[in-house]
Q: 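Below is a structure I'd like to ask you about.
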Amino acid sequence: MGDSRIRRSRGGPSRSRGTGAWILSVAGAALLLGAGVAWPATFRVDQGRTRLAVHVLRDGLGSLLAHDHVVEATEVTGSVDYDPARPEASAIVIEARTATLRVDEPAARRRLGVDGDLSDSQRADVTKAMRAPDQLDVERHPTIRFASSRVVGEGEGHVRVTGQLTLRGVTRELTFPATVSLESGGVRARATLTFLQSAFGYRPYSALLGAIRNKDEVTLHVDLVGTL
(Lines give C-alpha, C1' and ligand atoms only; values in the text may rest on other atoms or scores of the structure.)
Protein backbone atom coordinates (compact mmCIF):
# COMPACT_ATOMS: atom_id res chain seq x y z
CA MET A 1 0.00 0.00 0.00
CA GLY A 2 2.74 2.46 0.87
CA ASP A 3 4.63 1.90 -2.39
CA SER A 4 1.48 2.28 -4.50
CA ARG A 5 0.71 5.62 -2.85
CA ILE A 6 4.19 6.87 -3.63
CA ARG A 7 3.88 5.82 -7.25
CA ARG A 8 0.53 7.54 -7.60
CA SER A 9 1.81 10.73 -6.03
CA ARG A 10 4.88 10.85 -8.27
CA GLY A 11 3.60 9.23 -11.43
CA GLY A 12 1.38 10.07 -14.37
CA PRO A 13 -1.90 10.95 -12.60
CA SER A 14 -0.38 13.88 -10.67
CA ARG A 15 1.20 15.19 -13.84
CA SER A 16 -2.17 14.93 -15.56
CA ARG A 17 -3.77 16.91 -12.77
CA GLY A 18 -1.01 19.52 -13.03
CA THR A 19 -1.36 19.72 -16.80
CA GLY A 20 -5.13 19.94 -16.47
CA ALA A 21 -4.86 22.80 -13.96
CA TRP A 22 -2.46 24.61 -16.27
CA ILE A 23 -4.84 24.23 -19.24
CA LEU A 24 -7.79 25.42 -17.18
CA SER A 25 -5.90 28.46 -15.88
CA VAL A 26 -4.78 29.47 -19.37
CA ALA A 27 -8.23 28.83 -20.83
CA GLY A 28 -9.86 30.90 -18.10
CA ALA A 29 -7.38 33.72 -18.63
CA ALA A 30 -8.07 33.68 -22.37
CA LEU A 31 -11.82 33.95 -21.75
CA LEU A 32 -11.41 36.90 -19.37
CA LEU A 33 -8.60 38.79 -21.09
CA GLY A 34 -8.60 37.56 -24.66
CA ALA A 35 -6.54 34.89 -26.40
CA GLY A 36 -3.94 37.39 -27.62
CA VAL A 37 -2.47 38.07 -24.17
CA ALA A 38 1.18 36.98 -23.83
CA TRP A 39 2.09 35.53 -20.41
CA PRO A 40 3.39 36.75 -18.08
CA ALA A 41 1.25 39.81 -18.76
CA THR A 42 1.99 43.25 -17.34
CA PHE A 43 -0.91 45.07 -15.73
CA ARG A 44 -0.95 48.75 -14.81
CA VAL A 45 -2.22 49.61 -11.33
CA ASP A 46 -5.70 51.11 -11.61
CA GLN A 47 -5.51 54.08 -9.25
CA GLY A 48 -9.27 54.63 -9.18
CA ARG A 49 -10.08 51.08 -8.09
CA THR A 50 -7.06 50.20 -5.96
CA ARG A 51 -7.37 50.58 -2.18
CA LEU A 52 -4.39 50.79 0.16
CA ALA A 53 -5.44 51.57 3.70
CA VAL A 54 -3.57 51.45 7.01
CA HIS A 55 -5.51 50.86 10.22
CA VAL A 56 -3.86 52.50 13.24
CA LEU A 57 -5.09 51.51 16.70
CA ARG A 58 -5.14 53.81 19.71
CA ASP A 59 -3.32 52.92 22.94
CA GLY A 60 -2.43 54.36 26.31
CA LEU A 61 -4.25 55.23 29.53
CA GLY A 62 -6.26 57.92 27.75
CA SER A 63 -7.24 55.75 24.80
CA LEU A 64 -10.93 56.19 25.54
CA LEU A 65 -10.49 59.87 24.69
CA ALA A 66 -8.75 59.10 21.39
CA HIS A 67 -9.63 57.43 18.09
CA ASP A 68 -8.45 54.63 15.89
CA HIS A 69 -7.38 55.99 12.52
CA VAL A 70 -7.54 54.93 8.88
CA VAL A 71 -4.96 56.33 6.47
CA GLU A 72 -5.69 55.70 2.79
CA ALA A 73 -3.49 56.24 -0.25
CA THR A 74 -5.18 58.24 -3.01
CA GLU A 75 -2.37 58.55 -5.56
CA VAL A 76 -1.04 55.08 -6.39
CA THR A 77 1.07 53.94 -9.34
CA GLY A 78 2.80 50.70 -10.26
CA SER A 79 2.63 47.47 -12.19
CA VAL A 80 1.87 43.78 -11.73
CA ASP A 81 3.47 41.06 -13.84
CA TYR A 82 1.35 37.93 -13.55
CA ASP A 83 1.14 34.49 -15.12
CA PRO A 84 -1.76 32.34 -13.82
CA ALA A 85 0.10 29.15 -14.79
CA ARG A 86 3.43 30.24 -13.27
CA PRO A 87 2.78 32.50 -10.27
CA GLU A 88 6.50 32.37 -9.37
CA ALA A 89 7.11 34.49 -12.51
CA SER A 90 4.99 37.28 -11.01
CA ALA A 91 6.30 40.63 -9.78
CA ILE A 92 4.73 43.66 -8.10
CA VAL A 93 5.94 47.24 -7.88
CA ILE A 94 3.72 49.88 -6.30
CA GLU A 95 4.24 53.44 -5.07
CA ALA A 96 2.03 55.82 -3.11
CA ARG A 97 2.63 59.54 -2.67
CA THR A 98 2.71 60.53 0.99
CA ALA A 99 1.45 64.07 0.38
CA THR A 100 -1.85 62.67 -0.91
CA LEU A 101 -2.57 60.29 1.97
CA ARG A 102 -6.03 60.92 3.36
CA VAL A 103 -6.84 60.49 7.02
CA ASP A 104 -10.09 59.16 8.45
CA GLU A 105 -12.35 59.66 5.44
CA PRO A 106 -15.79 58.40 6.59
CA ALA A 107 -16.06 55.97 3.64
CA ALA A 108 -12.61 54.52 4.36
CA ARG A 109 -13.45 54.04 8.04
CA ARG A 110 -16.66 52.23 7.13
CA ARG A 111 -14.85 49.93 4.70
CA LEU A 112 -12.61 48.73 7.53
CA GLY A 113 -15.41 48.60 10.08
CA VAL A 114 -14.00 51.43 12.24
CA ASP A 115 -16.72 53.07 14.30
CA GLY A 116 -17.34 56.80 14.54
CA ASP A 117 -16.35 59.75 12.37
CA LEU A 118 -13.96 62.60 13.10
CA SER A 119 -14.79 66.25 12.53
CA ASP A 120 -13.01 68.19 9.80
CA SER A 121 -10.86 69.97 12.38
CA GLN A 122 -9.90 66.69 14.04
CA ARG A 123 -8.95 65.18 10.69
CA ALA A 124 -6.87 68.26 9.89
CA ASP A 125 -5.01 67.91 13.21
CA VAL A 126 -4.32 64.20 12.60
CA THR A 127 -3.14 64.91 9.05
CA LYS A 128 -0.76 67.61 10.27
CA ALA A 129 0.70 65.27 12.91
CA MET A 130 1.06 62.43 10.40
CA ARG A 131 2.99 64.60 7.91
CA ALA A 132 5.34 66.05 10.55
CA PRO A 133 9.13 65.45 10.56
CA ASP A 134 8.91 63.07 13.53
CA GLN A 135 6.29 60.93 11.77
CA LEU A 136 6.15 60.32 7.98
CA ASP A 137 8.23 63.43 7.25
CA VAL A 138 6.37 63.98 4.00
CA GLU A 139 8.58 66.79 2.70
CA ARG A 140 11.73 64.65 2.81
CA HIS A 141 10.10 61.33 1.89
CA PRO A 142 7.48 61.87 -0.82
CA THR A 143 6.82 58.20 -1.64
CA ILE A 144 6.13 54.85 -0.04
CA ARG A 145 7.26 51.96 -2.23
CA PHE A 146 6.91 48.18 -2.30
CA ALA A 147 8.76 45.92 -4.75
CA SER A 148 8.42 42.16 -4.63
CA SER A 149 11.51 39.97 -4.75
CA ARG A 150 9.79 36.56 -4.69
CA VAL A 151 6.31 35.17 -5.28
CA VAL A 152 5.49 31.57 -4.41
CA GLY A 153 2.30 29.91 -5.60
CA GLU A 154 0.31 28.08 -2.93
CA GLY A 155 -2.53 26.81 -5.10
CA GLU A 156 -6.05 27.95 -5.98
CA GLY A 157 -5.16 31.62 -6.45
CA HIS A 158 -3.13 31.85 -3.25
CA VAL A 159 0.44 33.15 -3.23
CA ARG A 160 3.08 34.13 -0.68
CA VAL A 161 4.82 37.39 -1.48
CA THR A 162 8.21 38.56 -0.23
CA GLY A 163 9.46 42.03 -1.00
CA GLN A 164 10.98 45.30 0.14
CA LEU A 165 8.83 48.01 1.72
CA THR A 166 10.43 51.46 1.78
CA LEU A 167 8.85 53.93 4.18
CA ARG A 168 10.35 57.18 5.41
CA GLY A 169 13.63 56.30 3.64
CA VAL A 170 14.00 52.97 5.47
CA THR A 171 13.65 49.63 3.66
CA ARG A 172 12.52 46.42 5.35
CA GLU A 173 11.68 42.99 3.98
CA LEU A 174 8.12 41.72 4.46
CA THR A 175 6.53 38.36 3.67
CA PHE A 176 2.77 37.91 3.57
CA PRO A 177 0.02 35.77 1.99
CA ALA A 178 -2.16 37.15 -0.77
CA THR A 179 -4.93 36.05 -3.10
CA VAL A 180 -4.88 36.72 -6.83
CA SER A 181 -7.77 36.44 -9.28
CA LEU A 182 -8.32 37.31 -12.92
CA GLU A 183 -11.22 39.61 -13.70
CA SER A 184 -12.57 40.93 -16.95
CA GLY A 185 -9.82 43.13 -18.34
CA GLY A 186 -7.40 42.71 -15.48
CA VAL A 187 -6.10 41.15 -12.28
CA ARG A 188 -6.98 41.68 -8.61
CA ALA A 189 -4.80 40.96 -5.60
CA ARG A 190 -5.84 41.20 -1.96
CA ALA A 191 -3.70 40.99 1.16
CA THR A 192 -3.66 41.99 4.82
CA LEU A 193 -0.33 42.43 6.58
CA THR A 194 1.11 44.04 9.68
CA PHE A 195 4.32 45.90 10.43
CA LEU A 196 5.85 48.03 13.18
CA GLN A 197 6.19 51.76 12.68
CA SER A 198 9.34 51.74 14.80
CA ALA A 199 10.98 49.38 12.27
CA PHE A 200 11.00 52.32 9.86
CA GLY A 201 12.79 54.77 12.09
CA TYR A 202 10.05 56.67 13.89
CA ARG A 203 8.02 56.29 17.05
CA PRO A 204 4.23 56.06 16.97
CA TYR A 205 2.47 59.37 17.63
CA SER A 206 1.86 60.19 21.29
CA ALA A 207 0.51 63.11 23.33
CA LEU A 208 0.01 64.04 26.97
CA LEU A 209 3.22 62.32 28.02
CA GLY A 210 2.13 59.11 26.34
CA ALA A 211 -1.31 58.91 27.93
CA ILE A 212 -2.72 59.10 24.39
CA ARG A 213 -0.73 57.31 21.71
CA ASN A 214 -0.94 55.03 18.72
CA LYS A 215 0.06 51.39 18.84
CA ASP A 216 3.34 50.54 17.18
CA GLU A 217 1.87 47.72 15.07
CA VAL A 218 -0.36 48.81 12.20
CA THR A 219 -2.36 46.78 9.69
CA LEU A 220 -2.17 47.41 5.96
CA HIS A 221 -5.17 46.34 3.88
CA VAL A 222 -4.42 45.90 0.17
CA ASP A 223 -7.01 45.63 -2.60
CA LEU A 224 -4.93 46.03 -5.75
CA VAL A 225 -6.51 46.17 -9.22
CA GLY A 226 -4.41 46.02 -12.37
CA THR A 227 -5.58 46.54 -15.96
CA LEU A 228 -3.96 45.86 -19.32
Side-chain angles (χ1 to χ4, degrees), residues 42-58 68-82 90-105 107-109 111-112 114 123-151 159-180 187-206 213-227:
T42 298
F43 300 86
R44 184 185 71 256
V45 171
D46 186 331
Q47 180 172 279
R49 298 165 62 196
T50 291
R51 303 286 185 188
L52 302 178
V54 172
H55 187 188
V56 184
L57 297 176
R58 63 187 182 272
D68 292 346
H69 300 292
V70 175
V71 181
E72 190 168 51
T74 62
E75 189 172 323
V76 182
T77 58
S79 63
V80 179
D81 295 336
Y82 182 62
S90 303
I92 304 165
V93 176
I94 188 167
E95 289 190 353
R97 291 190 58 81
T98 55
T100 62
L101 296 175
R102 288 183 183 171
V103 175
D104 290 318
E105 291 282 344
R109 291 176 67 85
R111 275 193 292 271
L112 296 189
V114 180
R123 288 169 50 204
D125 289 343
V126 175
T127 299
K128 182 179 179 180
M130 177 191 70
R131 293 178 173 178
D134 64 340
Q135 293 296 295
L136 294 187
D137 198 0
V138 167
E139 289 191 6
R140 292 183 58 200
H141 305 290
T143 60
I144 299 169
R145 185 177 192 269
F146 177 81
S148 67
S149 56
R150 186 184 184 201
V151 178
V159 296
R160 184 163 294 274
V161 181
T162 298
Q164 307 295 319
L165 177 64
T166 301
L167 172 63
R168 206 174 178 271
V170 177
T171 300
R172 295 284 183 262
E173 183 175 89
L174 299 177
T175 298
F176 54 90
T179 60
V180 184
V187 65
R188 188 168 202 161
R190 293 183 175 93
T192 300
L193 56 144
T194 60
F195 60 87
L196 299 179
Q197 298 175 77
S198 58
F200 293 89
Y202 68 99
R203 294 181 178 178
Y205 173 81
S206 66
R213 62 179 183 266
N214 293 335
K215 286 189 175 181
D216 194 5
E217 184 178 76
V218 299
T219 303
L220 172 60
H221 298 269
V222 178
D223 186 354
L224 178 64
V225 178
T227 56

Q: With respect to Asp223, which candidate in Arg111, Arg188, Arg49 satisfies the salt bridge (Lys or Arg N to Asp or Glu O under 4.0 Å) definition?
A: Arg188
Q: Does Arg160 reach the side chain of Pro177, with side-chain heavy atoms less than 4.5 Å apart?
A: yes
Q: Return the OG1 to CG distance between Thr219 and Leu193, rounded to the nearest 0.5 Å.
A: 8.0 Å
Q: Are the side chain of Asp216 and the backbone of Ser198 linked by a donor-acceptor contact shorter than 3.5 Å?
A: yes
Q: Flag yes if more than 12 heavy atoms outside Phe146 fall under 6.0 Å of its CZ atom; otherwise flag no.
A: yes
Q: Please report the closest heavy-atom contact between Ser148 and Ala91, naming both atoms and the distance.
A: OG-CA, 3.4 Å
Q: If you measure from CZ on Arg51 to CD on Glu72, what distance do you get to the nearest 0.5 Å?
A: 5.0 Å
Q: Measure the spacing between CG of Leu112 and NE2 of His69 and express it to the nearest 0.5 Å.
A: 13.5 Å
Q: Let's go through Thr98 and His141 carefully: what are the C-alpha distance in whole Å and the side-chain angles of both, what is the deciding distance for side-chain contact (heavy atoms from CB on, under 4.5 Å) to 0.1 Å, and is it a yes or a no?
A: CA-CA 7 Å; Thr98 55; His141 305 290; 5.6 Å; no
Q: Nearest heavy-atom pair of Arg123 and Val103: which atoms, and what distance?
A: NE-O, 3.3 Å
Q: State the CD1-OG1 distance between Ile94 and Thr143, to the nearest 0.5 angstrom.
A: 12.0 Å
Q: Do Thr227 and Asp46 pair up side chain to side chain, a donor and an acceptor below 3.5 Å, judged on atom types alone?
A: no
Q: When you measure from the side chain of Gln47 to the backbone N and O of Val76, does any donor-acceptor pair fall under 3.5 Å?
A: yes
Q: Decide side-chain contact (heavy atoms from CB on, under 4.5 Å) for Leu101 and Val138; before the verdict, give the C-alpha distance in whole Å, the side-chain angles of both, and the deciding distance to 0.1 Å.
A: CA-CA 10 Å; Leu101 296 175; Val138 167; 5.9 Å; no
Q: For Tyr202, enumerate each residue passing the ring-ring contact (aromatic ring centres under 6.0 Å, His included) test, keeping only those at least two apart in sequence or located in another chain.
A: none
Q: Do you know the tightest heavy-atom contact between Ser90 and Tyr82?
A: OG-CD1, 3.1 Å
Q: Listed by chain and number, what are the salt bridge (Lys or Arg N to Asp or Glu O under 4.0 Å) partners of Arg145, not counting sequence neighbours?
A: Glu95
Q: Main chain of Arg58, side chain of Asn214: is a donor-acceptor contact present, judged purely on distance under 3.5 Å?
A: no
Q: How would you list, by chain and number, every residue that makes a side-chain contact (heavy atoms from CB on, under 4.5 Å) with Glu139, sequence neighbours excluded?
A: none
Q: Asp68 and Asp104: which non-hydrogen atoms are nearest, and at how many Å?
A: O-OD1, 3.9 Å
Q: Test: side-chain hydrogen bond (donor to acceptor under 3.5 Å, both in side chains). Region: residues 125-135. Which pairs qualify, not counting sequence neighbours?
A: none
Q: Looking only at non-hydrogen atoms, find the nearest pair between Val218 and Lys215 and report the distance.
A: CG1-O, 4.4 Å
Q: Applying ring-ring contact (aromatic ring centres under 6.0 Å, His included), name anything that partners Phe200, two or more places apart in sequence or on another chain.
A: Phe195
Q: For a 4.5 angstrom cut-off between non-hydrogen side-chain atoms, does Leu52 reach Ile144?
A: no
Q: Where the side chain of Thr42 meets the backbone of Ser79, is there a donor-acceptor pair that is under 3.5 Å apart?
A: no
Q: In Å, rounded to the nearest 0.5 Å, how long is the span from CZ of Phe176 to OG1 of Thr194?
A: 11.0 Å
Q: I need the minimum non-hydrogen distance between Thr100 and Thr74, along with the two atoms involved.
A: O-OG1, 2.5 Å
Q: Tell me which pairs pass side-chain hydrogen bond (donor to acceptor under 3.5 Å, both in side chains) where either residue lies in residues 168-177, with sequence neighbours left out.
A: Thr162-Thr175, Gln164-Glu173, Thr166-Thr171
Q: Using the rule side chain to side chain contact (heavy atoms under 4.5 Å, CB included), only one of Thr77, Val93, Leu224 pairs with Val45; which is it?
A: Leu224
Q: Please tell me if the side chains of Gln197 and Pro204 come closer than 4.5 Å, counting only heavy atoms from C-beta onward.
A: yes
